[in-house]
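Below, chains carry the letters A, B, ... as their sequence lines are ordered, and counting in each starts from 1.
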Amino acid sequence: MTRHAALHEPFAAAARRWPERTAVVEPGHGEIAYGELDALSDRLRDRLRALGVAPGDRVGIYARKSIDAVAAILGILKAGAAYVPVDPGAPPSRNAYILNNCAVKAAVVESRFEPRLRTEIEALGVAPAFVAIGEAGAGEGLRRALDAAQAARPVPATDTVVPAPDALAYILYTSGSTGKPKGVMLSHENGASFVDWCSDVFAPSEGDRFSSHAPFHFDLSILDIHVALKHGATLVLVGEEIGKDPERLAALVAEERISIWYSAPSILALLAQYGKLARHDYSALRTVLFAGEVFPIRHLRSLCAQLPRPRYFNLYGPTETNVCTFYEVPAPIPEDRTTPVPIGKSCSHLRCKVVDPEGREVRRGEEGELCVAGRGVMQGYWALPEQTARGFLVDAAGERWYKTGDIVTEQPDGNYTYLGRRDRMVKRRGYRVELGEIESALYRHPAIKEAAVVAVPDEEAGIRITAFLSCREAKHPSLIEMKRFCTEHLPLYMVPDRFAWHDTLPKTSTDKTDYQRLKELA
Amino acid sequence: MSDDVKTAVKEFILSEFLPGEDPAELTDSTPLISGGILDSIATLKVVLFIEEQFNVTFEAHEVDRENFDSIENIARLVGTKRPQDHDQARSSA
């Protein structure tokens, strides 16, 4: 199997080999062939270079999931820059923070987001170049924007940049405990080594049809986009509206003849419960991958029973490493299993070990923190050298091991089992949520005196987030007001489920917030 | 005619998603989805509740951000599903 140094190189090879094959389908909007997608992303590359984007720069993407956004990813990579996809559903202030934080030289922005973004980002004192696209869809928005720009100011064709393996390919921002999102820096080697591992294990071919369920700012999208486009397969984009509606989603998977599905378990659990799967034909579906959070065994078992044909894999790994362990779910799942399936064994391009709080490797079977080394491990956090240093364990040989923060044990058969976190990060619908970031947002409300956020397991939703608050005023803000306020400052998946008001929050003997007590109250 | 829908949906949302909230705070025009009260799963629960209570069926494309963003909009949508069946039911009774 050929090993590629650059993330976009296999796509270019696939486009030469299969120019007529369909690369991306955007149901209800259109589709694009490999040759066309190659040409469209070449044109964006040339435009970006003319706007001053140079190898090593960052370029933002602020658009809904679309063929336009896929072309933007490829065009940015071809220009030698790293792409920075932001959540189009997140508050504009948060996205402006992200694009300013990593100092993007330019951004591909859907026009509807442009005025707010421009206001927010100029308030921060910077003015990156915008490639404004009228409305993303079928690649037409980007094509028209490039046509207009070319008519107004023609730019010459340039060469696709062949980056060094350690050059940045993309930055994905995740929730940060200090209240601001932090940028995980992934290189071409990080991305390409993961993509190559996927090729080895899932053996995709040009006949496959991949789902693209996760949004592009979520690391599941790396597999969807870059593995599909490496192999000449077709990527089927699932829109955000359909993506959360089990009945429509179930129909779409069948109609589009998806063969490789990848999503967070919460979506698969919804499909199993409400998707009415028996109505459809899923004979094309051969592989189901899930990652991002624990899959409650009851729902996984129900899904496997309803759709017995595909192979199921539990993929595990933080954004900092992408997938680092994997486990194939046995068929059928043994009846006596009442706990979630293991996270499995290390992927071949990485190595894992389990350490105690002093960083010493524990004996097999003992609890400890999972650490990961190898080609897939991130470069660090953007402009956060201290957090980066704290994120790694450097062994006697000088090797950097990323500390996942996840507590695991290794079973006798060599599979790792996930036990929990060592810090205040939780997973909700597959997304990382730092409870500290929610607290920071709550403190921005003028009436809030104290805020403490805890998460407790919930049978149905997986996790329940409760905000404990005390107020500066006699009458506290309504629940509706607090929810509205949170949606202005946080992505939806971070808005607490419950708000509880207290005169003052419980403290430990050292006068710190007593989170243990709050968890009992939650 | 849709007051029964409004009342039932309001009570359901208050008890399921806004426990402890002063009922007066939730008006017919309070933004539900854009205001962070209903997420996708909560919206689905509201759909199932209405389908069961009022014996109507929603097409998948009707369950969107617009139609479910306020009690008013929900009642309007349900209203289109129950054309004058009230009066006919009464006269034949």
Salt bridge or not between B:Glu62 and B:Lys81? Use side-chain N to carboxylate O under 4.0 Å.
yes
Would you say CG of A:Asp281 has more than 12 non-hydrogen atoms from neighbouring residues, nucleotides or ligands within 6.0 angstrom?
yes
Against chain B, label A:Arg429 side chain, backbone, both or neither, depending on which of its atoms sit under 4.5 Å from a heavy atom there.
side chain
With a 4.5 angstrom heavy-atom cut-off, is it the side chain or the backbone of A:Ile242 that approaches chain B, or both, or neither?
neither
Which of parallel (below 30°), tilted (30 to 60°) and perpendicular (above 60°) describes A:His445 and A:Phe485?
perpendicular
What part of A:Tyr493 is in contact with chain B, defined as an atom under 4.5 angstrom from a non-hydrogen atom: side chain, backbone, both or neither?
neither
Check: A:Ile480 and B:Ile37 side chains under 4.5 Å, non-hydrogen atoms:
yes
Taking the side chain as every heavy atom from C-beta outward, state whether B:Thr43 and B:Leu32 have any atom pair closer than 4.5 Å.
no
Whether A:Trp261 and A:His213 hold their rings parallel, tilted or perpendicular, with breakpoints at 30° and 60°
tilted
Could you tell me whether A:Arg432 and A:Glu437 make a salt bridge, using a distance below 4.0 angstrom between a side-chain N and a carboxylate O?
no
Contacting moiety of A:Leu492, where chain B heavy atoms sit under 4.5 Å:
side chain
Pairs of heavy atoms under 4.5 Å with chain B: top-ranked of A:Leu270, A:Val495, A:Leu479
A:Leu479
Can you list the residues of residues 20-28 of chain B that sit under 4.5 Å from chain A, counting heavy atoms only?
B:Glu21, B:Glu25, B:Leu26
Name the orientation class of the two ring planes belonging to B:Phe68 and B:Phe58 (parallel below 30°, tilted from 30 to 60°, perpendicular beyond 60°).
perpendicular
